[in-house]
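Beneath this line is the structure, given in structure tokens, with notes to follow.
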Amino acid sequence: MAKGPRWWQGATLYQIYVRSWRDTDADGYGDLPGVIAGLDYLAWLGVDAIWLSPTMPSPDEDWGYDVSDYLGVHPDLGTLADMDKLIAEADLRGIRVVLDLVPNHTSSAHAWFIDARSGPGSAHRDYYVWADPVKGENEGGMGRRAEGGGPPNNWLDATGAPAWTLDAASGQYYLHNFLPSQPDLNWWEPGVHEEFREILRFWFDRGVAGFRIDVAHGLYSDAQLRDNPPLERESRLEGRFGQKPVYSSNRPETHGVYRDWRRLADGYSPPRLLLGESWVATLGALASYYGQDDELQLAFNFPFLFAGFDTGAISGVVGETLARLPAGACPVWTASNHDVSRFPTRWCDGDERKARLALLVLATLPGSLMLYYGDEIAMTDVPVPPPLRRDKMTARQRESRDEARTPMQWDASPSAGFTAEGVTPWLPFGDNASRNVAAQREDPASTLRLVRDLIALRRTAFGGQVAAYERLPAPPGVWAYRSGPLLVTANLTDQPVPLPEPADEVLLATGPEAKPGAVLGPWQGRLTRRSRGLPGTAGLPGT
Ligand code: GLC
């Protein structure tokens, strides 16, 4: 049974892509001392916890998502002593530290894989998924052909190439759902479970507040390695490269791992958080990762992230999420991360009015909020020309993940306040002259100040719990809802909408026209405190 409060409920979490946050040793990459240097800012902003993108040693074929040592700190980012200091300094400011854990695969440079590759009789051979070549339709064409056969099935990796690489020495293929340098772990092997229990304990004992679990829907692969079926329509949620990953991900056995880890996390005081990168197509599948309050406490909602920013789409996903989640489960709302285009670009086309409205919505939905660094200043994607691209996974794709990973825009100086003068950052700066933390901190009308006000408000209104949600009737294109004591009216159209009667109290508005009894301008929203529904809207459609 969990000891202590569920501190993540209603909390504001903040994702830091460490390499892009703040560079203190002038090598062009952000680092752990840089995270420590930014803690006062985060405390001023009001965040409850930070999630750090991978911090463990790695050859960086996938920027830390290819781990070569689960019990260390990447030398480019700092030392274990820096991590301990970060946890202690964050704690002094009331901020908890969540790390990124990658259990679906390791780096091919991990000692387990090096041993596994030494031959079929090696101690760690079964930590990975090996299979003999198969004669048949996968032979030739797709990938390297082995003597006497081809890849064991039709699975494709994250680049669209075959998910199997031939190990010439043993004549067997190994599985990699991502890059060939990221061999998949074999979760049918009990030794792998024991290793990860130890890894969890190692970090939890050090004061880490929890883990964001990479590819949480991955882990197990079908024991019979059956072919994946074709994808009827191309959709980021349902599959890629013409295939539905029915047998290569979201396997039922994965839930057992989280039940085990949850018992372990609940044994700590306060209980440690398990937050899954649950990239699944349906909200029913997402809900399954919460179990019966005995698996993950939070699971990322990709159907929400990929919904269009219009009233029908987004309110539909929110309503269905809340209906599907088991009683008492806490949703987590996020609209940007290091793998997708930032929401101020993807949802808002760089329109600041829309970004402010989106932030109002994100911050007032019941449950936890996860901001991505830069969301609070409405940072947009930054075009990265091909010669400057750093992400191998999307190297040959039209959209590079690099565009959402550029350095934090701290100030208007040539180094953006990210690194020392004259240092070339690992990815190019965006337009830091027109959008940066320093300028927005001074301006009471800025997006940054709006976000800070929203975080303070949500702490009072929701802190420690999942607020009750009710959609209210509203004119077409307007999304009105009650969330705990707050009433949100969001105009997701480019037309002004008259609001017939004054509200009891306007707590906050995203634009100048959203005053009591006035017109709600295009792409504007407001937050009021009122117990009744929206007056003058009887008979209008709602849910
Ligand atoms: C997750 C990470 C992504 C990484 C992949 C493989 O989706 O968020 O950045 O490339 O897993 O680890």
Side-chain angles (χ1 to χ4, degrees), residues 13 15-20 51-70 74 98-110 113 128-129 155-161 163 165 175-185 187 196 199 211-219 221 236-237 239-241 245 248-250 254 274-281 286 289 296 298-303 305-306 332 334-342 370 372-373 381 384 389-397 399-406 426-427:
L13 316 168
Q15 179 189 354
I16 295 182
Y17 196 78
V18 180
R19 286 179 182 271
S20 294
W51 149 36
L52 306 181
S53 56
T55 48
M56 297 166 188
S58 160
D60 291 324
E61 292 286 307
D62 186 17
W63 298 112
Y65 285 104
D66 46 324
V67 176
S68 53
D69 172 10
Y70 288 92
H74 196 305
V98 172
L99 298 186
D100 213 315
L101 182 70
V102 187
N104 182 68
H105 46 266
T106 68
S107 160
S108 52
H110 195 290
F113 191 68
Y128 296 88
V129 185
W155 297 356
L156 299 177
D157 73 12
T159 70
T165 289
L175 174 67
H176 51 87
N177 274 303
F178 293 88
L179 298 172
S181 52
Q182 296 170 296
D184 268 51
L185 283 163
W187 281 88
F196 273 85
I199 293 164
F211 279 110
R212 174 265 187 186
I213 302 160
D214 189 62
V215 197
H217 55 289
L219 276 57
S221 310
R236 277 299 288 279
L237 278 175
R240 292 183 89 185
F241 312 116
S248 50
S249 81
N250 195 29
T254 303
L274 303 173
L275 157 62
E277 186 210 12
S278 35
W279 195 306
V280 286
L286 172 71
Y289 283 92
L296 307 179
L298 296 178
F300 278 129
N301 188 334
F302 285 90
L305 187 144
F306 286 120
V332 52
T334 192
S336 304
N337 69 36
H338 62 289
D339 292 329
V340 298
S341 164
R342 288 175 175 275
M370 176 69 82
Y372 183 49
Y373 80 99
D381 289 348
V384 179
R389 284 189 178 190
R390 306 298 303 270
D391 179 34
K392 292 196 175 122
M393 197 96 77
T394 52
R396 278 189 291 281
Q397 291 166 18
E399 286 167 20
S400 167
R401 298 189 296 185
D402 291 326
E403 304 198 347
R405 298 177 177 182
T406 61
W426 80 296
L427 283 171

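In each ligand, atom 1 is the first atom listed, and ligand 1 is the first ligand listed. Excluded from the calculations below are hydrogen atoms, water molecules and symmetry mates; all remaining heavy atoms, backbone and side chain alike, are included. What you are looking at is a predicted structure, and each value in this text was computed from that prediction instead of being measured.
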Check whether the side chains of [X] and [Y] place a donor and an acceptor atom closer than 3.5 Å, and report yes or no.
X    : Y    : answer
Y65  : N104 : no
D100 : W51  : yes
Y128 : T106 : yes

Using salt bridge (Lys or Arg N to Asp or Glu O under 4.0 Å) as the criterion, list what pairs up with R240, not counting sequence neighbours. none
If you measure from each non-hydrogen atom of R212 to ligand 1, which part falls under 4.0 Å: side chain, backbone, both or neither?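 It is the side chain that gets close, since no backbone atom is under 4.0 Å.
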Could you tell me whether R405 approaches ligand 1 through its side chain, its backbone, both or neither, with non-hydrogen atoms closer than 4.0 Å?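 The answer is the side chain of R405.
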Using side chain to side chain donor-acceptor pair (under 3.5 Å) as the criterion, point out the one residue from R390, K392, R19 that pairs with D60.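 By the side chain to side chain donor-acceptor pair (under 3.5 Å) criterion, D60 pairs with just one of R390, K392, R19: R19.
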Check ligand 1 against [X] and write out every atom of the ligand that is under 4.0 Å from a heavy-atom position of the residue.
X    : result
M393 : 10 (O)
H338 : 2 (C), 3 (C), 8 (O), 9 (O)
R401 : 3 (C), 4 (C), 9 (O), 10 (O)
H105 : 6 (C), 12 (O)

Provide, to 0.1 Å, the distance between atom 7 (O) of ligand 1 and the closest protein heavy atom, together with that atom's residue and name.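 Answer, as residue, atom name and distance: E277 OE2, 2.8 Å.
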Considering only the protein, which heavy-atom contact is closest to atom 5 (C) of ligand 1, and what is its distance? F178 CE2, 3.7 Å
Using the six-membered ring of Y373, assess whether NZ or CZ of R342 lies under 6.0 Å from its centre and within 45 degrees of the ring axis. yes
Best match, D62, N104, D214, D339: closest heavy atom to atom 11 (O) of ligand 1: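 Considering heavy atoms of D62, N104, D214, D339, the nearest to atom 11 (O) of ligand 1 sits in D214.
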Residues forming a ring pair (Phe, Tyr, Trp, His ring centres under 6.0 Å) with H74, sequence neighbours excluded: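 Here no residue qualifies.
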